[in-house]
**Q** 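Sharing a structure here in structure tokens format.
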Amino acid sequence: CATHPEPDALDAGITGALQEAGVDLVVSAGYMKKLGPRTLETFRGRIVNIHPSLLPRHGGQGMYGERVHQAVLDSGDTETGITVHYVDADYDTGPIITQVRVPVVPGDTVQTLSRRILELEHRLIVDTLGELSKNDKNPAIRALNS
């Protein structure tokens, strides 16, 4: 990052900014970097991410946006989907919270698949956070409800 070229400084900066803002729950959507150990520890169990595939398939470093949809089409998958998961120290490996399956239809392109997934992603993240807010055993939600 241009403002914090050293990974430890970036991690400290992110953690500090989130704490200063009084953040209880971090929702990552489109953030392409791994979070550092300080941020992960400070917000353990309170960082969620949304990914445009059925993890663990088509996840990991470099698998984002249209790359994911191209991989789905290249693999011949008949379904794909969306995953909301907790963030851990690696790309797309945290515990899965929820998934929604989406069929791959004949004639799908990266663009048509991307549009269908994106529309559902917006609804899924809101619905998932709403459902999580009803579960007071979840540390992320206890923080939200306190």
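Numbering of residues begins at 1 and proceeds along the displayed sequence. Side-chain atoms are counted along with the backbone in the values below, which use heavy atoms only and exclude waters and symmetry mates. What you are looking at is a predicted structure, and each value in this text was computed from that prediction instead of being measured.
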**Q** Between the side chain of Thr80 and the main-chain N/O of Val72, is any donor-acceptor distance below 3.5 Å?
**A** no

**Q** Sub-3.5 Å donor-acceptor pair from the side chain of Thr112 to the main-chain atoms of Asp108, do we have one?
**A**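 Pair absent, no side-chain N/O of Thr112 close to backbone of Asp108.
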
**Q** Using 4.0 Å as the upper bound for N to carboxylate O, is an ion pair formed by Arg123 and Glu119?
**A**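 Looking at Glu119 and Arg123, the cut-off is met.
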
**Q** As a test of understanding, state which of Leu124, Ile125, Leu118 forms a side-chain contact (heavy atoms from CB on, under 4.5 Å) with Glu121.
**A**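 Of Leu124, Ile125, Leu118, side-chain contact (heavy atoms from CB on, under 4.5 Å) with Glu121 is met by Leu118 alone.
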
**Q** Heavy atoms only: give me the nearest Leu54-Val100 pair and the separation to one decimal.
**A** CD2-O, 3.5 Å

**Q** Kindly indicate, with the supporting measurements, whether the criterion side-chain contact (heavy atoms from CB on, under 4.5 Å) is fulfilled by Val27 and Ile50.
**A** CA-CA 8 Å; Val27 179; Ile50 189 160; over 6 Å; no

**Q** Can you measure from CD1 (Ile14) to CG (Leu40) and round to the nearest 0.5 angstrom?
**A** 9.5 Å

**Q** State, to 0.1 Å, how close Gly65 and Pro52 come at their nearest heavy-atom pair, and which atoms those are.
**A** N-CG, 4.4 Å

**Q** Can you give me the closest heavy-atom contact between Val23 and Phe43, atom names plus distance?
**A** O-CE2, 3.4 Å

**Q** With the 4.5 Å side-chain cut-off for hydrophobic clustering, are Val84 and Leu120 part of the same group?
**A** yes

**Q** For Val68 and Met63, which heavy atoms make the closest approach, and how far apart are they?
**A** CG2-C, 3.4 Å

**Q** With rounding to the nearest 0.5 Å, note down the distance linking NE2 in His69 to CG in Asp74.
**A**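 Between atom NE2 of His69 and atom CG of Asp74 there are 13.0 Å.
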
**Q** Do the side-chain N and O atoms of Thr39 and Thr15 include a donor-acceptor pair separated by under 3.5 angstrom?
**A** yes

**Q** Please check: side-chain N/O of His85 versus main-chain N/O of Gln99, any donor-acceptor pairing under 3.5 Å?
**A** no

**Q** Could you measure the distance from the CD1 atom of Ile117 to the NE2 atom of His51? Nearest 0.5 Å is fine.
**A** 10.0 Å

**Q** If you count heavy atoms of other groups shown closer than 6.0 angstrom to CD of Glu20, is the number above 12?
**A** no

**Q** Any side-chain heavy atom of Tyr31 sitting closer than 4.5 Å to one from Val26?
**A** no

**Q** Taking the side chain as every heavy atom from C-beta outward, state whether Asp8 and Arg38 have any atom pair closer than 4.5 Å.
**A** yes

**Q** Once side chain to side chain donor-acceptor pair (under 3.5 Å) is applied, do any residues pair with Asp90, and if so which ones, sequence neighbours excluded?
**A** Lys34

**Q** Hydrophobic clustering (ILVMFWY, side-chain heavy atoms < 4.5 Å, transitive) - are Val48 and Tyr91 grouped together?
**A**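 As far as the 4.5 Å side-chain criterion goes, Val48 and Tyr91 are not connected within one cluster.
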
**Q** Quick check: do Glu131 and Thr98 have side-chain heavy atoms less than 4.5 Å from each other?
**A**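 No; the side chains remain at least 4.5 Å from each other.
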
**Q** Identify the heavy atoms of Leu55 and Ile96 that sit nearest to each other, and give their distance.
**A** O-CD1, 3.6 Å

**Q** Below 4.5 Å, heavy atoms only, C-beta onward: do Asn49 and Asp92 meet side chain to side chain?
**A** yes

**Q** Please test Leu25 against Leu129 for side-chain contact (heavy atoms from CB on, under 4.5 Å), starting from the C-alpha separation and ending with a verdict.
**A** CA-CA 10 Å; Leu25 177 69; Leu129 293 173; 3.7 Å; yes

**Q** Shortest non-hydrogen contact from Arg116 to Pro103?
**A** NH2-O, 2.7 Å

**Q** What is the distance from atom CG of Leu113 to atom CG of Asp77, rounded to the nearest 0.5 Å?
**A** 10.0 Å

**Q** Can Val126 be reached from Leu132 by stepping across I, L, V, M, F, W or Y side chains whose heavy atoms are under 4.5 Å apart?
**A**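 Yes; tracing contacts between hydrophobic side chains, which count when under 4.5 Å, links both residues.
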
